[in-house]
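Taking it in order: structure first as structure tokens, then the write-up.
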Amino acid sequence: MSYPGYPPAGGSYPPASGPYQQAPGGYPPQPGAYPPQGGYYPPQPGAYPPGAGYPPQAGGYPPQAGGYPAAPGGGFPPQAGGYPAAQPGTYPNMPPAGQPGGWGAQPGFGAPGGGMPQGYPGGPAPGQQPMPAYPGAPNPSMPGYGGGVPTGPTPPAAPAVNRGYRGTIKDAPGADPLRDVEVLRKAMKGFGTDENAIIELLGNRSNKQRVPLLAAYKTTYGKDLVHDLKSELTGNFENLVLAMLKSPSQFDASELREAIAGAGTDEACLIEILSSRNNAEIREITRIYKAEHGKSLEDAIISDTSGHFRRLLVSLSQGNRDERETVDISLAKQDAQKLYAAGANKVGTDESQFNAILCARSKPHLRQVFNEYQQMCGKDIEKSICSEMSGNLESGMVAVVKCIKNTPAYFAERLHKAMQGAGTKDRTLIRIMVSRSEVDMLDIRQEYLRLYGKSLYTAISGDTSGDYKKLLLKLCGGSD
């Protein structure tokens, strides 16, 4: 191979008293060697004439007529300190100069097809340091010989899966609590109530924009907004409006209080809230419950429930579930074996083992446990629970499993049951529509359509009416 940039000539390098020696470390520029110094390699049209390159030196390359002769075999003979052999990722061996694709067809250290008369493209004037790297060179402080041939643009990495915001109610840009309470005051002042104004305002504000309206109303008018709304509104529309003016944790605490203290116990409400909220939310709920009712949530649960169902609720109310996203497959297999041994593979059922695993393990881990259980005994975990347990404990355990498997599908089923048959369970309908409108309502709508063949919007429209329906549909956000 000919030396890049020098025209070919017959013969080979003549013997010299000492071969051309590189400085230790090889190629980096050293004084007196390549790169160009003042007086060396002046830009010339055409090839380098004799005497315009390196001057004769002892042990160096003496000038030759017609340039440096080609070495035998088409390349440099092995020399101590010479150019190393081509490494993976470097410029490939090129055809001899003068042939198509050869390096030496044009003067200068250019790419095939010609190059700048002086050095690499964009090279500095003689004597300047350091020289810029040839594109693709791994080290910008050194010329890029051997830096590799660019292989084209790198394809972009696949974007991370990010479903983004899945709620239907968003912050209204530029919303001002003081202006909003003027709208509410005007809607309630005088004869009759402008329900549409209330619906349009509350249905287009996020929870963090609605809650400050209570303080803004009292600051502006010296009156209690909740009291005024109660005096103007009635029925389910009133309940829905008041629910929307509470923070999520305040609303959950009030719903738990109603589920426990009301006529009978709404076990499904207790399980729904405690199985679907994260640790931080459950701890905030228990704090508010104690502050507002003077009794801890745990004590309230213990006094109103019994048996293994009570243990399940107490465990969930601690807010101590593992929330790591990583899954240990071997531990998941062990947990699946424990559940199998505690239920289907024994006489009787060890409810405590189910309680320990379902209430303490992370949700990603439990989803893997359910898969392992299915493969191990060929039976779905829900069916095993139904065959092993009964009553509130059965329904509670199944609800926990469903919520962990697919939370939006769990809420879609809860909404369907609330609107199915004679009468509507309006408290359940209001609670889910309000509490999930800024969490995963878009996903719940998709699951509802998949499970029941019609949109949630259509179901609400057919099962409710009046201003109550209008505000619910605002929370629903649209039809699928």
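Quick note: residue numbers are just sequence positions, from 1. Keep in mind that what you see is a predicted model, and the values were worked out from it rather than measured.
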(message) I need the Ser362 OG to Gln368 CD distance, nearest 0.5 Å.
(response) 10.5 Å
(request) Carefully, step by step, assess Arg361 and Asp328 under the rule salt bridge (charged side-chain N to carboxylate O under 4.0 Å, His left out). (result) CA-CA 11 Å; Arg361 302 297 196 210; Asp328 184 336; over 6 Å; no
(message) Run Ser384 and Tyr373 through side-chain hydrogen bond (donor to acceptor under 3.5 Å, both in side chains) and show every step you take.
(response) CA-CA 10 Å; Ser384 290; Tyr373 187 92; 2.8 Å; yes
(request) Grab the two heavy atoms, one from Lys290 and one from Ser296, that are nearest each other, plus how far apart they are. (result) CD-N, 3.5 Å
(request) Determine whether the side chains of Arg283 and Asn278 contain a donor N or O and an acceptor N or O closer than 3.5 Å. (result) no
(message) Does Tyr468 form a side-chain hydrogen bond (donor to acceptor under 3.5 Å, both in side chains) with Asn239? I'd like the steps, not just the answer.
(response) CA-CA 9 Å; Tyr468 176 49; Asn239 294 334; over 6 Å; no
(request) Flag the pair Leu456 / Met441 as yes when at least one side-chain heavy-atom distance between them is below 4.5 Å, and no otherwise. (result) yes
(request) Using distance alone, with no hydrogens and no angle criterion, decide if Lys470 and Asn196 have a side-chain donor and acceptor under 3.5 Å apart. (result) yes
(message) side-chain hydrogen bond (donor to acceptor under 3.5 Å, both in side chains) for Glu388 and Thr349? Distances and angles first, verdict last.
(response) CA-CA 6 Å; Glu388 296 292 326; Thr349 305; 2.6 Å; yes
(message) Strictly below 4.0 Å, N to O, side chains only: are Glu413 and Lys402 in salt-bridge contact?
(response) yes
(request) Measure across Ile288 and Ala253 and return the closest heavy-atom pair with its distance rounded to 0.1 Å. (result) CG2-CB, 3.9 Å
(request) Grab the two heavy atoms, one from Arg367 and one from Ile404, that are nearest each other, plus how far apart they are. (result) NH1-O, 2.7 Å
(message) Please evaluate residues Glu272 and Arg431 with respect to the criterion salt bridge (charged side-chain N to carboxylate O under 4.0 Å, His left out), reporting the C-alpha separation (whole Å), side-chain torsions for both, the decisive distance (0.1 Å), and the verdict.
(response) CA-CA 10 Å; Glu272 174 197 306; Arg431 181 174 61 252; 2.9 Å; yes
(message) According to side chain to side chain contact (heavy atoms under 4.5 Å, CB included), who are the partners of Arg205, at least two apart in sequence or on a separate chain?
(response) Ala172, Ala175, Asp180, Leu201, Gln209, Arg210
(request) Taking all non-hydrogen atoms of both residues into account, name the closest pair between Ser247 and Val211 and its distance. (result) N-CG2, 3.8 Å
(request) Flag the pair Ser437 / Met244 as yes when at least one side-chain heavy-atom distance between them is below 4.5 Å, and no otherwise. (result) no
(request) Working to the nearest 0.5 Å, report the span between CG of Asp224 and NZ of Lys230. (result) 8.5 Å
(request) Determine whether Val439 and Arg166 make a side-chain contact, defined as any pair of heavy atoms from C-beta on separated by less than 4.5 Å. (result) no
(request) Please check if any side-chain donor atom of Asp228 sits under 3.5 Å from a side-chain acceptor atom of Tyr217, or the reverse. (result) yes
(request) Grab the two heavy atoms, one from Gly396 and one from Leu312, that are nearest each other, plus how far apart they are. (result) C-CD2, 3.8 Å
(request) Just say parallel, tilted or perpendicular for the rings of Tyr452 and His416, cut-offs at 30° and 60°. (result) parallel
(request) Side-chain contact test, heavy atoms from C-beta onward, threshold under 4.5 Å: evaluate it for Thr286 versus Glu298 and give yes or no. (result) no
(message) Under the criterion side-chain contact (heavy atoms from CB on, under 4.5 Å), I'd like the reasoning laid out for Asp443 against Gln446: C-alpha separation, chi angles, the key distance, then a yes or no.
(response) CA-CA 5 Å; Asp443 296 324; Gln446 289 180 0; 4.2 Å; yes
Please tabulate, for side-chain N and O atoms in residues 181-193, each donor-acceptor pair with protein atoms closer than 3.5 Å (sequence neighbours left out).
residue : atom : partner : partner atom : Å
Thr193  : OG1  : Glu232  : OE1          : 2.5

(request) Could you check if a side-chain atom of Leu202 sits within less than 4.5 angstrom of a side-chain atom of Leu245, using non-hydrogen atoms only? (result) yes
(request) Could you check if a side-chain atom of His308 sits within less than 4.5 angstrom of a side-chain atom of Asn392, using non-hydrogen atoms only? (result) no
(message) Main chain of Ile302, side chain of Arg310: is a donor-acceptor contact present, judged purely on distance under 3.5 Å?
(response) yes
(message) Please evaluate residues Arg427 and Glu255 with respect to the criterion salt bridge (charged side-chain N to carboxylate O under 4.0 Å, His left out), reporting the C-alpha separation (whole Å), side-chain torsions for both, the decisive distance (0.1 Å), and the verdict.
(response) CA-CA 9 Å; Arg427 178 171 286 277; Glu255 288 295 286; 2.6 Å; yes
(message) If you compare all heavy atoms of Ser479 against all heavy atoms of Arg445, which two are closest, and at what distance to 0.1 Å?
(response) O-NH2, 4.1 Å
(request) May I ask you to check whether over 12 heavy atoms, not counting those of Lys333, lie within 6.0 Å of atom NZ? (result) no
(message) What's the separation between atom OH in Tyr448 and atom SG in Cys476, rounded to the nearest 0.5 Å?
(response) 10.0 Å
(request) Answer yes or no: are there more than 12 heavy-atom neighbours, outside Lys379 itself, under 6.0 Å from its atom NZ? (result) yes
(request) Would you indicate whether the side-chain heavy atoms of Leu270 and Asp304 approach each other to under 4.5 Å? (result) no
(message) Please evaluate residues Asp440 and Arg436 with respect to the criterion salt bridge (charged side-chain N to carboxylate O under 4.0 Å, His left out), reporting the C-alpha separation (whole Å), side-chain torsions for both, the decisive distance (0.1 Å), and the verdict.
(response) CA-CA 6 Å; Asp440 54 0; Arg436 309 310 290 188; 3.0 Å; yes
(message) Do Val314 and Arg311 have side chains that approach each other closer than 4.5 Å (heavy atoms only, starting at C-beta)?
(response) no
(request) Show your reasoning for whether side-chain hydrogen bond (donor to acceptor under 3.5 Å, both in side chains) applies to Asn355 and Ser352. (result) CA-CA 5 Å; Asn355 196 88; Ser352 296; over 6 Å; no
(request) Please check if atom CZ in Arg450 has more than 12 non-hydrogen atoms from other residues, nucleotides or ligands closer than 6.0 Å. (result) yes
(request) Tell me, please, which residues at least two apart from Glu438 pass side chain to side chain donor-acceptor pair (under 3.5 Å). (result) none
(message) Check this for me: does any side-chain nitrogen of one of Asp380 and Lys405 sit under 4.0 Å from a carboxylate oxygen of the other?
(response) yes
